[in-house]
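Quick notes on the structure that follows.
Values reported hereafter were calculated over all heavy atoms of this structure, with side chains retained and with hydrogens, waters and symmetry mates removed.
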Amino acid sequence: MSEVEFEPQSPRLFIPNFLSLNECRELEFIHKSSSTVGYRPIVFSTTLSHLIATNSSHFIIPFIPIRERLKDKLEEFFKCEYELFIEFTGLISWSRGASIGWHSDDNRPYLKQRHFSEVCYLNTYGPDFSGGLFHFQDGEPKSIVPKAVNILTDVLMYTADDHNIHSVDEITEGERLTLALWFSRDGSHDEDMKLISLLSRHLLHDNMADSYLPLPASSNMYWFSKDQASNYQFGFNICWARLHVLGYDIYISQDSSCESDVSESLLKPVRLVRENELLDQEFVNIMHALQVFC
Ligand SMILES: O=C(O)CCC(=O)C(=O)O
Ligand SMILES: [Fe+2]
């Protein structure tokens with residue numbers, strides 16, 4: 001395995017205006033209609049394997065050319081053409097209260113395969129959220145102000161080791177959205193191999209190839225509780241919350257209101273209410289409604 005050749009003083013690259021706003025809006029739509037509760041507190045994520053598991057694998061298509069362009073650029077800059085594998089791709093949004101202190105992205109034994117990181121900023125500091133500035137502990141650029149304006153969006157790429165200790169300030173308002181990718185030189189961590197195996201299992205064995213309607217994962221993947229450890233009862237279903245932000249509510253018939261677990265009932269067919277008007281269309285589940293309205 002060859003070592004990456006880079007100038008120790010520049011183990012990072014910031015590229016303004018890399019993704020088009022259309023690409024960015026498409027990814028935003030996918031996240032808002034399909035995300036689940038994420039890997040850290042107050043963080044929501046959409047992974048490609050989750051898209052397959054929820055019968056939304058067609059949503060992977062917009063990621064493919066974007067991932068390839070990002071990988072090409074990274075390999076060119078770090079002079080390791082054809083050596084890298086994408087290890088992880090995910091849309092990640094941070095809401096008020098989320099932050100991350102100083103760390104490198106390979107800072108756990110199970111993350112040591114991560115050699116490079118890329119973050120694409122899909123929305124903008126100021127209009128979309130407050131807080132959430134990115135900082136490097138040493139070197140230049142010192143701080144990144146996330147931006148997706150003037151038709152194009154910014155991308156940051158850096159080595160995942162301790163040449164790039166970084167942090168993100170707490171989000172104080174709104175929701176900050178990124179596309180995050182990690183890359184490895186170790187082919188056993190190739191995300192594509194895992195996705196192809198999941199896809200073939202899902203499409204062949206579950207026989208879902210002819211349907212594009214989402215099948216939500218278990219309800220706890222959509223159940224957000226601020227203090228998950230101590231009290232699971234206080235929280236909300238994030239799909240319901242997103243519909244609410246869009247101005248819709250779920251119609252709850254007298255029958256379904258008797259169900260003990262509201263979260264479970266949201267996986268069943270739903271109808272929506274808007275300003276006291278019951279809409280005609282029945283959706284197969286709440287994710288289907290979000291995919292229509294987001
Ligand atoms: O979103 C960002 O700007 C960086 C996030 C980050 O540092 C991480 O997820 O490890
Ligand atoms: Fe990080």
Side-chain angles (χ1 to χ4, degrees), residues 1-16 18-19 27 38-41 43-50 63-64 66-94 98-122 132-146 153-170 176-195:
M1 217 183 287
S2 65
E3 273 304 309
V4 182
E5 290 170 13
F6 59 76
E7 296 293 312
Q9 63 272 29
S10 61
R12 64 185 74 138
L13 177 67
F14 176 70
I15 313 180
F18 193 77
L19 290 186
L27 298 180
Y39 62 105
R40 293 171 55 78
V43 166
F44 305 103
S45 72
T46 306
T47 63
L48 303 189
S49 52
H50 173 77
F63 288 86
I64 294 170
I66 297 174
R67 284 160 106 230
E68 288 311 306
R69 260 166 53 221
L70 287 167
K71 181 166 169 290
D72 287 352
K73 192 71 203 169
L74 183 100
E75 287 185 335
E76 182 193 322
F77 179 71
F78 289 104
K79 299 187 177 60
C80 50
E81 276 100 342
Y82 310 114
E83 285 178 21
L84 300 184
F85 300 89
I86 299 172
E87 188 251 1
F88 173 90
T89 310
L91 295 167
I92 299 181
S93 67
W94 304 41
S99 69
I100 187 165
W102 295 119
H103 69 283
S104 65
D105 286 346
D106 68 352
N107 69 349
R108 295 272 185 282
Y110 60 87
L111 299 178
K112 284 293 170 207
Q113 73 281 2
R114 294 189 170 177
H115 295 120
F116 298 94
S117 314
E118 265 186 325
V119 186
C120 306
Y121 294 101
L122 302 184
L133 298 186
F134 179 109
H135 305 286
F136 284 114
Q137 199 169 45
D138 306 298
E140 294 297 328
K142 190 97 191 126
S143 298
I144 303 289
V145 181
T153 76
D154 296 348
V155 176
L156 177 63
M157 37 189 91
Y158 50 92
T159 61
D161 59 9
D162 56 12
H163 286 93
N164 281 306
I165 307 281
H166 58 280
S167 67
V168 178
D169 293 344
E170 183 175 320
R176 175 189 191 269
L177 177 62
T178 59
L179 169 66
L181 288 94
W182 279 281
F183 297 83
S184 180
R185 276 181 253 122
D186 180 349
S188 68
H189 292 277
D190 183 359
E191 183 179 50
D192 287 356
M193 296 313 291
K194 294 173 193 162
L195 296 176

Are the side chain of His115 and the backbone N or O of Arg185 linked by a donor-acceptor pair below 3.5 Å?
-> yes
His166-Phe134 aromatic ring centre distance below 6.0 Å | yes
Where do Ile15 and Lys73 land on the side-chain contact (heavy atoms from CB on, under 4.5 Å) test, with the steps shown first?
-> CA-CA 10 Å; Ile15 313 180; Lys73 192 71 203 169; 3.5 Å; yes
Any side-chain heavy-atom pair from Glu170 and Trp94 closer than 4.5 angstrom?
-> no
Taking the side chain as every heavy atom from C-beta outward, state whether Ile66 and Leu179 have any pair of such atoms under 4.5 Å apart.
-> yes
Evaluate the criterion salt bridge (charged side-chain N to carboxylate O under 4.0 Å, His left out) for residue pair Arg67 and Asp192; output intermediate values, then yes/no.
-> CA-CA 11 Å; Arg67 284 160 106 230; Asp192 287 356; 2.8 Å; yes
Measure across Ala160 and Ser104 and return the closest heavy-atom pair with its distance rounded to 0.1 Å.
-> O-CB, 3.5 Å
Can you tell if the side chain of Ile92 reaches within under 4.5 Å of the side chain of Phe44, non-hydrogen atoms only?
-> no
Could you check if a side-chain atom of Leu195 sits within less than 4.5 angstrom of a side-chain atom of Ser49, using non-hydrogen atoms only?
-> yes
Under a 4.5 Å cut-off applied to non-hydrogen side-chain atoms, are Val168 and Leu133 in contact?
-> no
CE-CD1 distance between Met193 and Ile86, expressed to the nearest 0.5 angstrom = 13.5 Å
Report the relative orientation of the aromatic rings in Tyr158 and Phe136; use parallel for angles under 30°, tilted for 30 to 60°, perpendicular for over 60°.
-> perpendicular
Taking atom types as modelled, find out whether Ser117 and Asp105 have a side-chain donor-acceptor pair closer than 3.5 angstrom.
-> yes
To the nearest 0.5 Å, tell me how far Phe88 CZ sits from Arg114 CZ.
-> 6.5 Å
Would you give the length of the straight line joining atom OG1 of Thr178 to atom OH of Tyr121, rounded to the nearest 0.5 angstrom?
-> 7.0 Å
Start with the C-alpha distance between Leu84 and Leu74, add both sets of side-chain angles, then the distance that settles side-chain contact (heavy atoms from CB on, under 4.5 Å), and finish with yes or no.
-> CA-CA 9 Å; Leu84 300 184; Leu74 183 100; 3.3 Å; yes
Between Met157 and Val155, the two heavy atoms sitting closest are CE-CG1, 3.9 Å
If we ignore angles and hydrogens, is there a donor and acceptor under 3.5 Å between the side chains of Ser188 and Asp186?
-> yes
Mind checking whether Phe85 and Phe183 have side chains closer than 4.5 Å, heavy atoms only?
-> no
Would you indicate whether the side-chain heavy atoms of Pro146 and Leu122 approach each other to under 4.5 Å?
-> no
Leu27 versus Leu91, closest heavy-atom pair with distance = O-CD1, 3.3 Å
Taking Asn164 for the side chain and Pro11 for the main chain, is one N or O donor matched with an acceptor at less than 3.5 Å?
-> yes
Any sub-3.5 Å donor-acceptor pair from Glu118's side-chain atoms to Trp182's backbone N or O?
-> no
Rounded distance [0.5 Å steps], CG in Leu13 versus CZ in Phe77 | 4.5 Å
Any idea which heavy atoms bring Lys112 and Asp106 closest together, and the distance?
-> NZ-O, 2.9 Å
Would you call Glu75 and Lys71 a side-chain contact if the rule is heavy atoms closer than 4.5 Å?
-> yes
Shortest non-hydrogen contact from Cys120 to Leu70?
-> SG-CD1, 3.6 Å
Is the side chain of Arg69 donor-acceptor paired with the backbone N or O of Phe18 at a distance under 3.5 Å, no angle test?
-> yes
Do Arg176 side-chain atoms and Gly132 backbone N/O form a donor-acceptor pair below 3.5 Å?
-> yes
Pair Glu140 + Arg12: basic N to acidic O under 4.0 Å = no
Distance in Å, Phe116 CZ paired with Ser184 OG, rounded so as to fall on 0.5 Å steps = 10.0 Å
Reported OG-to-CD distance for the pair Ser167 and Gln137, which is rounded to 0.5 angstrom | 8.0 Å
